[in-house]
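Proteins get letters first, then strands, A, B, ... in listed order; numbering begins at 1 in each.
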2 protein chains.
Amino acid sequence: MQARYLTIKDFVTDQIEQGIWEPSEKIYSENELAVKFSVSRMTARKAIDNLCSEGVLVRSQGLGTFVADLRPMSSLLEIRNIADEIASRGHQYSGQVLAIQSVIPDKTLARLLDVRSDSLVYHSCLVHRENDIAVQYEDRFINPKFAPDYLQQNFLDQTPNAYLSKVAPLTEADHVVEAVLPDGKIALALNSTYPCLKITRRTWCKSGIVSVAYLYHPGDKYRLGGHLTF
Amino acid sequence: MQARYLTIKDFVTDQIEQGIWEPSEKIYSENELAVKFSVSRMTARKAIDNLCSEGVLVRSQGLGTFVADLRPMSSLLEIRNIADEIASRGHQYSGQVLAIQSVIPDKTLARLLDVRSDSLVYHSCLVHRENDIAVQYEDRFINPKFAPDYLQQNFLDQTPNAYLSKVAPLTEADHVVEAVLPDGKIALALNSTYPCLKITRRTWCKSGIVSVAYLYHPGDKYRLGGHLTF
DNA sequence: TGTCTACTCCTGTATATACAAGTAGACTAA
DNA sequence: TTAGTCTACTTGTATATACAGGAGTAGACA
């Protein structure tokens, strides 16, 4: 038997996930919820308290309780699998592989990956979608030394990120965040010409640099966030 | 007058910050806290509830409440004074004050700053330049409670950031990073229509939210970077 | 027409109380 | 000695109640 406040919590999150209650929309008042579920106001309030501290709802004294204005947000402080991230928001993930091949790196890339500029590196190019809306264009280059079977992977079942963290657990990463206009190829894949957050991320395993990824997120559909305490 | 559960919350966080209660250590039970502060158990519990959802404490039914085992978070986005940052690159910093005034916040801003929507808040608007090239447009709103003399400052000598860290030392911050197209006013001030990194940053001092800043960096002249180890 | 007041609805805080349920230790009976 | 039980203490859930305080609105009043 589930706690009653959890039942109410489930109800509210369902309403939001099904789009019945939209961002910024006012939801039932504490008293209305209490009557609807035949519980005391304090129990209904507890459900709302929970969702507030999770950032799903926001409350305003005198006004009511509202669905938080969430756009997808991911943390700069952690490297997450985008499929998991989307799933954790209760949304549907889908991926599309645009290319997977060996390429000869240009000088800049060779330097970033710390390989000779006449060697081959693996390259994959994917689009990641959340509820069928493109939220990331991923251009990734791999040092074959650390993931020799990279080209044989099926990246619809497992994102490159997830695969790499298995075969070459990451020990270090750096990244640069910029705002750019997507070029033709990227704008087409993302179906948007809105400015993009471009994240250039290098990841290390114990023995060296594993991959360089260029991640493009449409600025109107994706945000990065973080919280710091001092 | 502060809410009683906040007093208890402060007490607990103080104990932890001063190292009197160490990670994994058991703290007072709800009933002990209630007696100690002459409140009901539910009020003491509320303070603990809060700290649990913030990840400061963990509870275990039948056992008690314990200080969470906090792992230090790598500070990717450290809050730096832009003037110092530019100086540290050996470049010349210059600032320009576009506006400094009291304004009535709209609802969104009032909510972000946690003030009433009919109260006045301070507003400053500056452009920061590196070698005479605009690299940041800063729109900042202040809760007057924490910096009553804000409007009297000369922000050419001392950036808002530097002033605030003196009068209301920051204890916490959050931020959201997006890519946007600068609107007319901002494009004019930055002398660029290139996509911008927009950072929305809220900063806390011990007693509440001090400021909300909207920082716009031209994407072709400014980048954010960071390095993480795992 | 504009302003102030009173009222209503909402969230915020606080209390006293009750019982459920997990944990550990002490105590008891085989 | 050991297995089981009992008890004390803890957190978890739930309720009824009370009053404080913010926000918006309708109506009285100048």
Side-chain angles (χ1 to χ4, degrees), chain A residues 1-12 21 24-68, chain B residues 1-12 21 24-68 104-121 143-145 207-209:
Chain A
M1 185 53 191
Q2 194 185 222
R4 302 210 223 192
Y5 80 95
L6 291 176
T7 306
I8 299 177
K9 211 177 144 178
D10 286 345
F11 168 75
V12 173
W21 289 342
S24 301
E25 191 173 338
K26 189 165 185 263
I27 75 166
Y28 296 151
S29 74
E30 296 175 357
N31 282 315
E32 284 168 340
L33 277 176
V35 170
K36 185 177 175 70
F37 287 90
S38 304
V39 297
S40 73
R41 182 190 148 211
M42 297 312 286
T43 300
R45 185 176 170 78
K46 182 167 182 176
I48 292 177
D49 261 337
N50 261 248
L51 292 168
C52 283
S53 67
E54 289 171 18
V56 176
L57 299 176
V58 288
R59 287 196 283 206
S60 179
Q61 191 173 358
L63 288 176
T65 305
F66 305 83
V67 178
Chain B
M1 185 50 192
Q2 192 185 224
R4 302 211 224 190
Y5 80 95
L6 290 177
T7 307
I8 300 177
K9 212 177 143 178
D10 285 345
F11 168 75
V12 173
W21 289 343
S24 301
E25 192 173 337
K26 187 165 186 257
I27 74 165
Y28 296 152
S29 74
E30 296 175 357
N31 281 317
E32 284 169 339
L33 277 176
V35 171
K36 184 178 176 71
F37 287 90
S38 304
V39 297
S40 73
R41 182 191 146 209
M42 296 313 285
T43 300
R45 185 176 170 78
K46 181 167 183 176
I48 292 177
D49 261 337
N50 261 248
L51 292 168
C52 284
S53 67
E54 289 171 20
V56 176
L57 299 175
V58 288
R59 288 197 283 205
S60 179
Q61 189 173 357
L63 289 176
T65 305
F66 305 83
V67 178
I104 297 176
D106 62 28
K107 276 186 192 168
T108 306
L109 182 59
R111 183 172 55 76
L112 285 175
L113 262 179
D114 194 24
V115 297
R116 297 178 43 141
S117 54
D118 60 354
S119 64
L120 282 173
V121 301
N143 184 340
K145 191 166 85 181
S207 2
I209 297 172

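- What separates CG of Asp106(B) from P of dA23(D) is a distance of 14 Å, to the nearest Å.
- Contact annotation for Arg4(B): backbone-only contact, meaning every heavy-atom pair under 4.0 Å involves sugar-phosphate atoms and none involves a base.
- Contact annotation: the side chain of Thr65(B) never approaches that of Val58(B) to less than 4.5 Å [non-hydrogen atoms, C-beta and beyond].
- Within the 4.5 Å cutoff, no side-chain heavy atoms of Arg4(A) are placed close to those of Lys46(A).
- Looking at Arg59(B), its side chain has no donor and acceptor atom pair within 3.5 Å of the base of dG22(C).
- Smallest separation of non-hydrogen atoms from Leu113(B) and Asn143(B): CD2-N, 4.0 Å.
- In the interface, the side chain of Gln61(A) is paired with the base of dG21(D) through a donor and an acceptor atom under 3.5 Å apart.
- Each of Gly64(B) and Gly62(A) was matched to the nucleotide of DNA chain D holding its nearest heavy atom; the match closer to the 5' end belongs to Gly64(B).
- For the OP1/OP2 pair of dT13(D) and a distance below 4.0 Å, the side-chain nitrogens and oxygens of Lys46(A) include at least one atom meeting the criterion.
- Comparing Val39(A) and Leu63(A), the nucleotide of DNA chain D nearest to each residue sits closer to the 5' end for Val39(A).
- The shortest distance between the side-chain N/O atoms of Arg41(A) and the OP1/OP2 oxygens of dT15(D) is not below 4.0 Å.
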Exercise. Quick one: do Gln2(A) and Lys9(A) satisfy side chain to side chain contact (heavy atoms under 4.5 Å, CB included)? Show the steps, please.
Key: CA-CA 11 Å; Gln2(A) 194 185 222; Lys9(A) 211 177 144 178; over 6 Å; no

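- When distances are taken from the side chain of Glu32(A) to each of dC10(C), dT15(C), dT15(D), the shortest belongs to dC10(C).
- Between Tyr5(A) atom OH and dT15(D) atom P there is a gap of 13 Å when expressed in whole angstrom units.
- One atom, CG of Asp49(A), and another, P of dG12(D), lie 15 Å apart when rounded to the nearest Å.
- OP1 or OP2 of dT11(C) lies within a sub-4.0 Å distance of a side-chain N or O belonging to Thr65(A).
- As a whole-Å value, the separation of Glu30(A) CD from dA20(D) P is 18 Å.
- At whole-Å resolution of the value, CD1 in Ile8(A) and P in dT13(D) are 13 Å apart.
- Ring planes of Phe11(B) and Tyr28(B): parallel class, angle under 30° (limits at 30 and 60°).
- As a whole-Å value, the separation of Asn31(A) CG from dT17(D) C1' is 13 Å.
- For the pair Arg45(A) CZ and dG12(C) C1', the computed distance is 5 Å after rounding to whole Å.
- Between Met42(A) atom CE and dA16(C) atom P there is a gap of 14 Å when expressed in whole angstrom units.
- For the OP1/OP2 pair of dA14(C) and a distance below 4.0 Å, the side-chain nitrogens and oxygens of Thr43(B) include no atom meeting the criterion.
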